[in-house]
Amino acid sequence: VVRANNHTLSFILLVSIKLSFLSVFLFLGRPVDITCMLRQTSFGITFSIAVSCVLAKTIMVCVAFKATKPGSPWRKWVGVKVAYCIVLFCSIIQILISVIWLTISPPFLELNFLSEPGQIIIQCNEGSVVAFWFVLSYMGLLASVSFIVAFLARSLPDSFNEAKYITFSML
């Protein structure tokens, strides 16, 4: 049972966390070209959706408390659509990074003859190392921004700010 502020966003958070956990199964077994391409990109996209949900929830709690003052300009930013736009915007950036990676230099199946003498190791080559690090760096950037916003929201009442606990547990 999901009982939180903005329950739809909490549901998206739970589903994306589950999908990011399930993406681990792409790393198991004998690699083929399609699993090589989906391994890092599927985890990157689903985990970015999860972190953007946490970021959106934390931002919305901060905005809601700033909007309580009479005549506050923050009142126009209170609403569910703003949280959805934050999640969508942050997720689309990760999707674009992944699509560019898969277009320019996708991961591929590689036979490694050099690591173990007398044995052939079948492994995935990440293709563009720069694109791989862009995917990881963007996830790190989202997590850092989420941590900073949660740190700024630490003085808000705990009953309204469950995203603070999720963000601090990511450390």
Side-chain angles (χ1 to χ4, degrees), residues 2 4 6-60 81-153 162-171:
V2 175
N6 200 342
H7 59 83
T8 306
L9 202 58
S10 297
F11 183 71
I12 294 170
L13 173 64
L14 289 173
V15 169
S16 62
I17 288 173
K18 183 171 271 200
L19 288 175
S20 66
F21 285 150
L22 288 175
S23 70
V24 169
F25 291 112
L26 291 171
F27 289 82
L28 301 175
R30 183 178 179 167
V32 293
D33 283 330
I34 191 69
T35 57
C36 287
M37 286 191 278
L38 289 177
R39 285 174 10 161
Q40 303 293 345
T41 55
S42 65
F43 175 75
I45 291 169
T46 55
F47 191 72
S48 292
I49 292 171
V51 175
S52 9
C53 285
V54 171
L55 177 63
K57 288 173 79 61
T58 310
I59 287 173
M60 291 314 298
K81 291 181 183 180
V82 175
Y84 294 150
C85 288
I86 292 170
V87 172
L88 188 65
F89 179 74
C90 294
S91 303
I92 284 177
I93 292 174
Q94 183 70 288
I95 291 169
L96 285 175
I97 292 171
S98 297
V99 166
I100 291 169
W101 179 19
L102 292 176
T103 304
I104 293 174
S105 179
F108 58 91
L109 187 68
E110 177 181 56
L111 301 176
N112 186 345
F113 297 98
L114 304 174
S115 293
E116 293 286 329
Q119 291 188 358
I120 301 172
I121 298 174
I122 303 171
Q123 63 187 21
C124 288
N125 185 320
E126 299 304 336
S128 172
V129 178
V130 173
F132 172 68
W133 282 105
F134 265 111
V135 168
L136 291 180
S137 299
Y138 184 70
M139 286 190 293
L141 175 71
L142 275 179
S144 299
V145 170
S146 179
F147 176 73
I148 290 168
V149 174
F151 183 77
L152 295 174
E162 76 271 1
K164 174 176 69 173
Y165 295 116
I166 296 170
T167 305
F168 283 119
S169 70
M170 288 188 327
L171 288 176

Side-chain touch [X]/[Y], heavy atoms, less than 4.5 angstrom:
| X | Y | value |
| --- | --- | --- |
| C124 | F27 | no |
| T41 | V135 | no |
| F21 | V24 | no |
| L142 | M139 | no |

Open item on the list: Looking at T58 and V54, would you say the former's side chain and the latter's main chain have a donor-acceptor pair under 3.5 Å?
Closed with: yes
TODO: Could you tell me whether a side-chain N or O of W101 sits under 3.5 Å from a main-chain N or O of G127, the two making a donor and an acceptor?
DONE: no
Can you measure from [atom1] ([X]) to [atom2] ([Y]) and round to the nearest 0.5 angstrom?
| X | Y | atom1 | atom2 | result |
| --- | --- | --- | --- | --- |
| L102 | Q40 | CG | CD | 11.0 Å |
| I93 | S98 | CD1 | OG | 12.0 Å |
| I148 | S144 | CD1 | OG | 6.0 Å |
| I12 | L14 | CD1 | CG | 10.5 Å |
| F89 | L55 | CZ | CG | 11.5 Å |
| I92 | I45 | CD1 | CD1 | 11.0 Å |

Least distance between heavy atoms, [X] atom then [Y] atom:
| X | Y | result |
| --- | --- | --- |
| S42 | L26 | OG-CD1, 3.3 Å |
| S52 | C90 | CB-CB, 3.6 Å |
| T46 | S16 | O-CB, 3.5 Å |
| A50 | I17 | CB-CG1, 3.9 Å |
| A131 | I97 | O-CG2, 4.5 Å |
| A56 | L9 | CB-CD2, 3.9 Å |

Open item on the list: So if I apply the side-chain contact (heavy atoms from CB on, under 4.5 Å) rule between V130 and each of F134, F132, W133, which one comes out positive?
Closed with: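 Considering F134, F132, W133, a side-chain contact (heavy atoms from CB on, under 4.5 Å) with V130 is found only for F134.
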TODO: Can you tell me which residue pairs pass the side chain to side chain donor-acceptor pair (under 3.5 Å) test with a partner in residues 19-37, sequence neighbours excluded?
DONE: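 Applying side chain to side chain donor-acceptor pair (under 3.5 Å) to every pair that reaches into residues 19-37, excluding sequence neighbours, yields nothing.
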Open item on the list: Does anything in residues 110-124 form a side chain to side chain donor-acceptor pair (under 3.5 Å)? List the pairs, not counting sequence neighbours.
Closed with: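 Matches after skipping sequence neighbours: E110-Q123, E110-N125, N112-S115.
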TODO: Return the set of residues passing side chain to side chain donor-acceptor pair (under 3.5 Å) with S48 (not counting sequence neighbours), or none when no residue passes.
DONE: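 Side chain to side chain donor-acceptor pair (under 3.5 Å) list for S48, sorted by chain: Q94.
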